[in-house]
There are 2 protein chains.
Amino acid sequence: MGRRSDHSREELYAMALVAAQAIAEEEGLRGLSARRITREIGYTIGTFYSLFDNFDDLVLRLNGTTLDALYEDCAAAPLDGEPEAALHRLAARYIGFTRAHAKRWRILFEHRLPDGEVQPDWYREKIFRLLGLVETALTPLFPPGQEVERLHEARVLWSSLHGICSLECVDKLVSTETVEALSDSLITNYLVGLRTETEK
Amino acid sequence: MGRRSDHSREELYAMALVAAQAIAEEEGLRGLSARRITREIGYTIGTFYSLFDNFDDLVLRLNGTTLDALYEDCAAAPLDGEPEAALHRLAARYIGFTRAHAKRWRILFEHRLPDGEVQPDWYREKIFRLLGLVETALTPLFPPGQEVERLHEARVLWSSLHGICSLECVDKLVSTETVEALSDSLITNYLVGLRTETEK
DNA sequence: ACCTGAACACCGTTCAAGT
DNA sequence: ACCTGAACACCGTTCAAGT
């Protein structure tokens, strides 16, 4: 036993995250455990704690990679041009991601940090970067100087879209096709309201 | 050891759920365990499995009481009269409940059934009953015969409101007061869209 | 310096054995 | 019939001991 040095700390860290992603993708949070991750990369439980602070830290890092992948996917949607069409494109990509990576996506919301703890800044920035996509799509509707209002409306749309996907995923009360229809209604109707408001 | 008969099965079941509610309220899903529940009501782990199928069943039953409490709270809002005002009242109650019972409310979405399993009908009915409140508030906007459309719009609003509360609760990117502002924007803007659509 | 693996305090679940 | 508690297979976390 003892030192092996087959892999650098960075390599081990990357291997652990890749293993975690695979488990998350197939089995969700239920299948994820510190022991299983290290077992799958050929190390023992002790090594886990040289890579991560604790299990919550691992889940946070894993969620970080999920937010990155979600951003890459959503950022591929063209967001210039007419805001409503841009939002529909963005939503279609978001919905597509939640379907392609349903279990991994769910961990973003299933996992709750212990009582006092707040998400680290690097994590919050990943979320803000996603919100930024919605802001970009909304830009034509807001004159310069109204960034606060734009952020507010972006939050409403982002949260609402999340809610639609989330309840479909959790409650399964709705057929899969309906998610698109709900999202379409949200964007279309909300933008009618937004336009009449900003035109005033 | 062996038989005690201090309590009937029904009493034990009720005691276990009350204990689960208290733990959920204070510590959320993290604090909840089958062993702890039976310990707190003065019984041993074996008894747990004479009351519930398994741990998932307990959480489902607990969530059932949460949905009931949420319904009682929301149903107290007057839903007749002007739809927008009715929705604002309903949303205010919903938001109030998520604050007053934040940890217990979160378990509704933190908990995920194992892969093949679907929620039992009694559970789905509790959710539909809540959706029904939104439908009631929307009734003046839809002529008889448009119940399908009304349900669709109710779903959008319900899911969106859920999303706003959920992301505030999970991400904490938003100050608490903002939840009201986001919900207000959602309802106001969405209803502008709904009205112009139904007037066509 | 790095990694191990035993130890500790927990889990969910099952079931033979007691009253 | 009802309840127990040991047994099993897992957890997360810590840390003295090996190389």
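Per chain, numbering begins at 1; letters A, B, ... match sequence-line order.
- Candidate nucleotides C/dT13, D/dC3, D/dT13 were compared by shortest atom distance to the side chain of A/Asn54, and D/dT13 ranks first.
- Counted by atom type alone, B/Ser175 and B/Thr178 present one or more donor-acceptor pairs between their side chains at under 3.5 Å.
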With 3.5 Å as the limit, what N/O pairs link the protein to nucleotides 6-10 of chain D?
none

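- A cation-pi arrangement is not found for A/Arg150 relative to A/Phe142, the charged atom failing to lie both closer than 6.0 Å to the ring centre and inside a 45° cone about the ring normal.
- As rounded to whole Å, 11 Å separates atom P of C/dT14 from atom CZ of B/Phe48.
- Taking atom CG on B/Leu51 and atom C1' on D/dA1, their separation rounds to 14 Å, with Å as the unit.
- When the C1' atom of C/dC11 is taken as reference, atom CD1 of B/Ile37 falls 13 Å away, rounded to whole Å.
- Residues A/Lys103 and A/Leu29 form no side-chain contact, since every pair of their non-hydrogen atoms from C-beta on lies 4.5 Å or further apart.
- Regarding B/Asp6, its CG atom lies at a distance of 8 Å from the P atom of D/dC3, rounded to whole Å.
- Put simply, OH on B/Tyr13 is 16 Å from P on D/dC3, counting in whole angstrom units.
- Checking C/dT13, D/dT14, C/dC3 against every side-chain atom of A/Tyr43, the shortest atom distance belongs to C/dC3.
- Of the residues near DNA chain D, A/Asp56 and B/Ser50, the one whose nearest nucleotide (by heavy atom distance) lies more toward the 5' end is B/Ser50.
- The two atoms that bring B/Trp105 and B/Thr66 nearest to each other are CA-CG2, 4.3 Å, heavy atoms only.
- There is a side-chain donor-acceptor pair under 3.5 Å between B/Thr65 and B/Arg104.
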Walk me through whether A/Thr98 and A/Cys169 qualify under side-chain contact (heavy atoms from CB on, under 4.5 Å). CA-CA 9 Å; A/Thr98 68; A/Cys169 191; over 6 Å; no
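- Pairing partner, C/dG12: D/dC8, with both Watson-Crick or wobble hydrogen-bond distances short of 3.5 Å.
- Atoms CG (B/Leu12) and P (D/dT4) sit 9 Å apart, rounded to a whole Å.
- A salt bridge links B/Glu180 with B/Arg99: at least one charged nitrogen is closer than 4.0 Å to a carboxylate oxygen.
- A/Tyr49 comes within 4.0 angstrom of a base, heavy atoms only.
- For A/Leu58 and D/dC11, the CG to C1' distance is 14 Å, given to the nearest whole Å.
- Nucleotide C/dA1 forms a Watson-Crick or G-U wobble pair with D/dT19, both donor-acceptor distances falling under 3.5 Å.
- Atoms CG (B/Asp57) and C1' (C/dG12) sit 14 Å apart, rounded to a whole Å.
- For A/Thr44, the side-chain atoms get nearest to C/dT4 when compared with the rest of C/dC11, C/dT4, C/dT13.
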